Amino acid sequence: MDAINHEDRFEEKLTAGEFIEPKDWMPEIYRKHLIRQISQHAHSEVVGMLPEGNWITRAPSLRAKLVLLAKVQDEGGHGLYLYTAAESLGISRDELLDNLLTGKAKYSSIFNYPTLTWADIGAIGWLVDGAAIMNQVMLQRTSYGPYSRAMIRICKEESFHQRQGYEIMMRMAFGAPEQKAMAQDAMNRWWYPTLMMFGPPDRESPNSENAIKWRIKRETNDQLRQRFVNQTVRQAEYLGLTIPDAKLKWNEEKQGYDFSEPDWVEFKSVIQGNGPCNRDRLAARNKAHKEGAWVREAAAEYSKKTAAVNAA
Ligand code: FAQ
C-alpha cells in the first residue's frame with residue numbers, strides 16, 4: 001500500500017470513529033501531537049502528587065489521611081498508564097522522564113500553586129479534579145486507542161477524587177466560621193488557576209485545530225471551560241461559598257454563565273516556569289528520581305533474572 005492509500009485509510013478510520021492503534025500507519029505530525037499531549041498529561045499526574053502529598057502527614061484524621069494517601073497513589077498510577085500509552089508511539093520512558101526533569105516538557109500549570117491549608121486539599125479534589133474530569137470524559141473517546149483506554153480507567157478514579165474533595169469542602173463550609181473562612185479562602189485562590197487548566201482561549205490555542213480534526217480532542221478549551229463553570233456554580237451555591245467573580249451572571253440566551261477570564265499573562269508566565277512553585281516542583285521530582293535510582297536498578301535486575309529463569 002502506498003503512502004496515499006495509508007493516508008486515506010487513516011482518514012477513513014477517523015471518520016468512522018474507529019481507533020488508531022500503535023501498529024497502524026499514522027501521519028508523523030499526528031504521532032508527535034499525541035506524544036506531546038499524552039506525555040504532558042502523564043507529567044501532570046506525577047507532578048500533581050506533590051501539592052497534595054504535602055498534606056499527607058498533616059491530614060486532620062486517620063480516615064482523611066488514608067483517603068488522601070489512596071488518592072495520591074492513584075495519581076501515580078495514572079501517570080504510569082499514560083507513560084505506557086506514550087511509549088506505544090515509539091518514545092522511551094527515559095526520554096519522556098528526561099524531558100520532564102530538565103524542564104523541557106510542560107505539565108499542567110495548576111500544580112505550580114502552593115497548598116497552604118487543609119481546605120486547599122478540598123479545593124483541589126473538588127475544583128481541580130472536577131476540571132480534570134470535564135476534560136477527560138471527552139478523552140475517553142479520543143482517536144488513539146491506548147490513550148482512550150487509559151482514560152476510561154482514569155475517569156472512574158477521578159470521580160472518586162472529586163467526591164473526596166467535595167466532602168472535605170462540605171465539612172469545612174458547614175463547620176465552624178473559621179473553617180468556612182478557610183474554605184472560601186481556598187476557593188478564592190484556586191478558582192482562576194482552575195479555569196486556566198483548560199488551556200488558552202480558543203482564539204490563542206495553536207494545537208486545537210489539528211486536535212479537533214484528528215479527533216484527539218472532541219471539544220475546545222473554551223467549550224469545556226464554559227461547561228465547568230456552569231456545573232460548578234450550583235455546587236458552590238450549595239456550599240454557601242462565593243465564586244470570586246463579580247461578573248459571574250446567568251445568560252439566558254446562551255443558557256450558560258458569563259464569567260471573567262483568568263489572567264492569561266499569569267498563565268503564560270506559569271507555563272514558562274515562573275509560577276510560585278515551578279522550581280520547587282522540578283527540584284522535588286529530580287530528587288525523587290535520583291533517590292529512586294536503586295529501585296529502578298533492582299527492578300531491571302529482577303526482570304533480567306526472571307526472564308533468564310523463564311527461558312531456561
Ligand atoms: N498548563 O494549543 P493549546 C490532572 C500549553 S489533570 C500547562 O490549547 P492543547 C489530574 C499547551 O501544552 C491536568 N500548559 O494546547 C490530577 C501548549 O503548549 P505546547 C492535566 C498548558 O494541547 C488532578 C500551549 O499551552 N490534564 O493532572 C496548559 O490543544 C489532581 C497552547 O495550548 C491534561 O493534560 C496548562 N493548563 O490543549 C492530578 C489533559 N494549557 O505543547 C493530581 C490532556 C495549555 O504547544 C491532582 N491535555 N498548555 O508547547 C489536554 O486536553 C490539552 O493538552 C490541554 C491543552 C487542554 C491541556
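We count ligands from 1, going down the list as the structure has it; atoms in each ligand are counted the same way. From a predicted model like this one, the values you see are computed outputs, not experimental measurements.
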Are [X] and [Y] an aromatic pair by the rule of ring centers under 6.0 Å?
X: Tyr238; Y: Phe174; answer: yes
X: Phe228; Y: Phe198; answer: yes
X: Tyr192; Y: Phe267; answer: no

Hey, which atoms in ligand 1 end up nearer than 4.0 Å to a heavy atom of [X]?
X: Glu158; answer: 10 (C)
X: Gly199; answer: 40 (N), 44 (C)
X: Ile271; answer: 1 (N), 7 (C), 14 (N), 25 (O)

I'd like to check whether [X] has a polar contact with ligand 1, where a contact means an N/O of the residue lying under 3.5 Å from an N/O of the ligand.
X: Phe267; value: no
X: Asn207; value: yes
X: Asp129; value: no
X: Glu75; value: no
X: Lys106; value: yes
X: Tyr147; value: no
X: Ser205; value: yes
X: Lys217; value: yes

Do [Y] and [X] meet the salt-bridge criterion of a basic N to acidic O distance under 4.0 Å?
X: Arg234; Y: Glu237; result: no
X: Arg225; Y: Glu219; result: no
X: Asp120; Y: Arg189; result: yes

[X] to ligand 1, any heavy atom closer than 4.0 Å:
X: His161; value: no
X: Pro206; value: yes
X: Val270; value: no
X: Met49; value: no

Fill in the blank from the handout: In short, ring pair (Phe, Tyr, Trp, His ring centres under 6.0 Å) pairs touching residues 272-312 with sequence neighbours left out are none

Exercise for the section: Is it possible for you to say whether Leu62 and Leu69 belong to one hydrophobic cluster, with membership spreading through side-chain heavy-atom contacts below 4.5 Å? Expected result: no

Exercise for the section: Answer with yes or no whether the hydrophobic clustering places Ile38 together with Ile110; edges join I, L, V, M, F, W, Y residues whose side-chain heavy atoms lie under 4.5 Å apart. Expected result: yes

Handout entry: Intermediate values then yes/no, side chain to side chain donor-acceptor pair (under 3.5 Å), Tyr107 and His41
Key = CA-CA 7 Å; Tyr107 57 86; His41 194 166; over 6 Å; no

Problem - Donor on one side chain, acceptor on other, Gln40 and His43, under 3.5 Å - result: no

Exercise for the section: With heavy atoms under 4.0 Å as the rule, classify the contact between His78 and ligand 1 as side chain, backbone, both or neither. Expected result: neither

Problem - Region of Asn135 that comes within reach of ligand 1 [heavy atoms, distance under 4.0 Å] - result: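 Within the 4.0 Å criterion, Asn135 contacts ligand 1 through side-chain atoms alone.
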
